[in-house]
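Shown next, in structure tokens, is the structure this report addresses.
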Amino acid sequence: MTTCEHAQAAGGQSAPMQFEENNLSEVKRVIAVLSGKGGVGKSLVTGSLAVELARGGAKVGILDADITGPSIPRMFGMGDRRAHGLGKLLLPEISEGGVKVMSSNLLLQNETDPVLWRGPVIAGAIKQFWSDTSWGPLDYLLVDMPPGTGDVALTVFQSLPVDGIVVVTSPQDLVSMIVAKAVNMADKMNVPVLGIVENMSYVQCPDCGRAIEIFGASKLDDVAATYNLPVLDRLPIDPALAAACDAGTIETELLAGTLPLALAAVKAVEPHEGDEPHEGDEPSEQA
């Protein structure tokens, strides 16, 4: 973390440093996928949104900010790939479906190697993934956030031009705390929350098709109303999709129409000033 970020975190008045975008990157929208705790499926939501956006013709990238627990490369079949360079810049790996990915796992010799880095080094990796990576033209850069609201989240929200946040939660008693942490951080960072996705909401009986709420009745509607946020989508527990993520085949196995409300919320985000919409974008209501 930079000195100015340390000062602000400690209550000082120094302004955070905005990471610069390089000349070979043109990112129109930055969307962070965040939760107040781990294990709720942020990477699944990030990957699913990326796949659906790419299927619609948009140019999509994923910045895997979960430095110490990256899972995006494996989901997109990149477990055996390593990032390469172009001069002083890194080149993201590109999936079969055209999604560009930059992750710490693409910089390690083996994907199972632990990332034993301290906070300032991790913050430096985020800068490298933004300023020192040749993303090219992108309609959407999705940022797969690490669990919680610590150093990496602070670095991302202070130093990247984040346009909106999708909050991911689960239907357990902790939902209120999870959403509160994410929403409070978004409020402090002045970044709008697009809505909430509930993962592991239910499991569908293979015999009768009935939705079984194995974690109990969802409390999401009440919590969302408390913060005046829209409930976007509810994802079931799907063993087939989990297996596809493990096998690196999410792009072919993800059912069309997954996360329709979250997808619409992301598409409604206006591109950065001076950027023209791509043909895969949908015009906003203000257009």
Side-chain angles (χ1 to χ4, degrees), residues 30-35 37-55 58-85 90-117 121-122 125-126 128-130 133-135 138 140-148 150 152-153 156 166 168-170 197 199-200 233 235-256 258-259 262-263 266:
V30 179
I31 307 297
V33 181
L34 175 70
S35 179
K37 68 180 292 294
V40 299
K42 293 182 301 298
S43 296
L44 174 63
V45 171
T46 302
S48 298
L49 285 172
V51 171
E52 288 286 71
L53 286 166
R55 285 174 176 173
K59 296 178 180 178
V60 186
I62 299 177
L63 190 160
D64 190 354
D66 193 353
I67 303 297
T68 59
S71 56
I72 293 294
R74 170 65 71 90
M75 290 172 60
F76 283 82
M78 301 177 179
D80 59 348
R81 297 198 210 171
R82 298 297 172 264
H84 297 84
L90 289 169
L91 292 175
E93 286 296 301
I94 304 176
S95 72
E96 292 186 6
V99 176
K100 295 182 178 180
V101 173
M102 180 50 68
S103 169
S104 61
N105 256 17
L106 298 175
L107 304 178
L108 302 174
Q109 184 173 357
N110 302 295
E111 68 169 355
T112 56
D113 290 344
V115 179
L116 304 175
W117 299 345
V121 179
I122 292 177
I126 300 299
Q128 189 174 29
F129 291 174
W130 172 260
T133 298
S134 175
W135 288 105
L138 288 182
Y140 304 92
L141 180 66
L142 305 179
V143 183
D144 186 28
M145 300 292 290
V152 173
V156 168
V166 175
V168 183
T169 186
S170 58
V197 173
N199 190 31
M200 299 180 286
D233 297 289
L235 286 175
I237 297 174
D238 185 350
L241 182 56
C245 291
D246 290 341
T249 57
I250 186 174
E251 291 180 292
T252 56
E253 299 298 325
L254 184 73
L255 293 178
T258 300
L259 297 173
L263 191 66
V266 170

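Just so you know, these numbers come straight off a predicted model, no measurement behind them.
In this structure, the side chains of Pro92 and Leu106 stay at 4.5 Å or more apart for every pair of heavy atoms. Annotation: side chain of Leu44 is in contact with side chain of Cys245 (closest heavy-atom distance under 4.5 Å). Looking at heavy atoms from C-beta onward, Leu63 lies out of side-chain contact with Leu142 at the 4.5 angstrom threshold. Side-chain contact between Lys100 and Leu138 is present, with heavy atoms from C-beta onward closer than 4.5 Å. The shortest side-chain heavy-atom distance between Phe76 and Ile62 falls under the 4.5 Å cut-off. Side-chain contact between Leu235 and Leu259 is present, with at least one heavy-atom pair separated by less than 4.5 Å.
Formation of a donor-acceptor pair under 3.5 Å by the Trp135 side chain with backbone atoms of Val60 is not found in this model. Distance alone, capped at 3.5 Å, places no donor-acceptor pair between the Asn105 side chain and the Pro73 backbone. Looking at Lys59, its side chain never comes within 3.5 Å of a backbone N or O of Tyr140 through a donor-acceptor pair.
Applying the side chain to side chain donor-acceptor pair (under 3.5 Å) test to Asp144 and every residue at least two apart in sequence or in another chain returns Ser43, Thr46. A search for side-chain contact (heavy atoms from CB on, under 4.5 Å) contacts involving Leu90 returns Met102, Leu107, Gln128, Thr133, not counting sequence neighbours. Remark: Ile237 pairs with Met200, Val203, Ile214, Phe215 by the side-chain contact (heavy atoms from CB on, under 4.5 Å) rule, at least two apart or across chains. Considering only residues two or more places apart in sequence or on other chains, Glu93 meets the salt bridge (charged side-chain N to carboxylate O under 4.0 Å, His left out) condition with Arg81. For Glu253, the side-chain contact (heavy atoms from CB on, under 4.5 Å) partners at least two apart in sequence or on another chain are Ala244, Thr249.
Applying the salt bridge (charged side-chain N to carboxylate O under 4.0 Å, His left out) rule to pairs touching residues 42-52 yields Glu52-Arg55, sequence neighbours excluded.
Of all non-hydrogen atoms in Ala65 and Val152, the two that sit nearest each other are O-CG1, 3.5 Å. Counting all heavy atoms, side chain and backbone alike, Gly47 lies closest to Ile250 at C-CD1, 4.0 Å. The shortest non-hydrogen separation linking Ser71 to Asp64 is N-OD2, 3.7 Å.
Rounded to the nearest 0.5 Å, atoms CG (Leu263) and OG1 (Thr258) are 10.0 Å apart. In this structure, OG on Ser103 lies 8.0 Å from CD1 on Ile72, to the nearest 0.5 angstrom.
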Under the side-chain contact (heavy atoms from CB on, under 4.5 Å) criterion, do Val143 and Val33 qualify, and how do the steps go?
CA-CA 6 Å; Val143 183; Val33 181; over 6 Å; no
Quick one: do Asn199 and Thr169 satisfy side-chain contact (heavy atoms from CB on, under 4.5 Å)? Show the steps, please.
CA-CA 6 Å; Asn199 190 31; Thr169 186; over 6 Å; no
Assess the residue pair Val99 and Leu53 against the criterion (side-chain contact (heavy atoms from CB on, under 4.5 Å)); give the C-alpha distance rounded to whole Å, side-chain angles, the decisive distance to 0.1 Å, and a yes or no.
CA-CA 9 Å; Val99 176; Leu53 286 166; over 6 Å; no
Check step by step if side-chain contact (heavy atoms from CB on, under 4.5 Å) holds for Ser95 and Met78.
CA-CA 7 Å; Ser95 72; Met78 301 177 179; 3.7 Å; yes
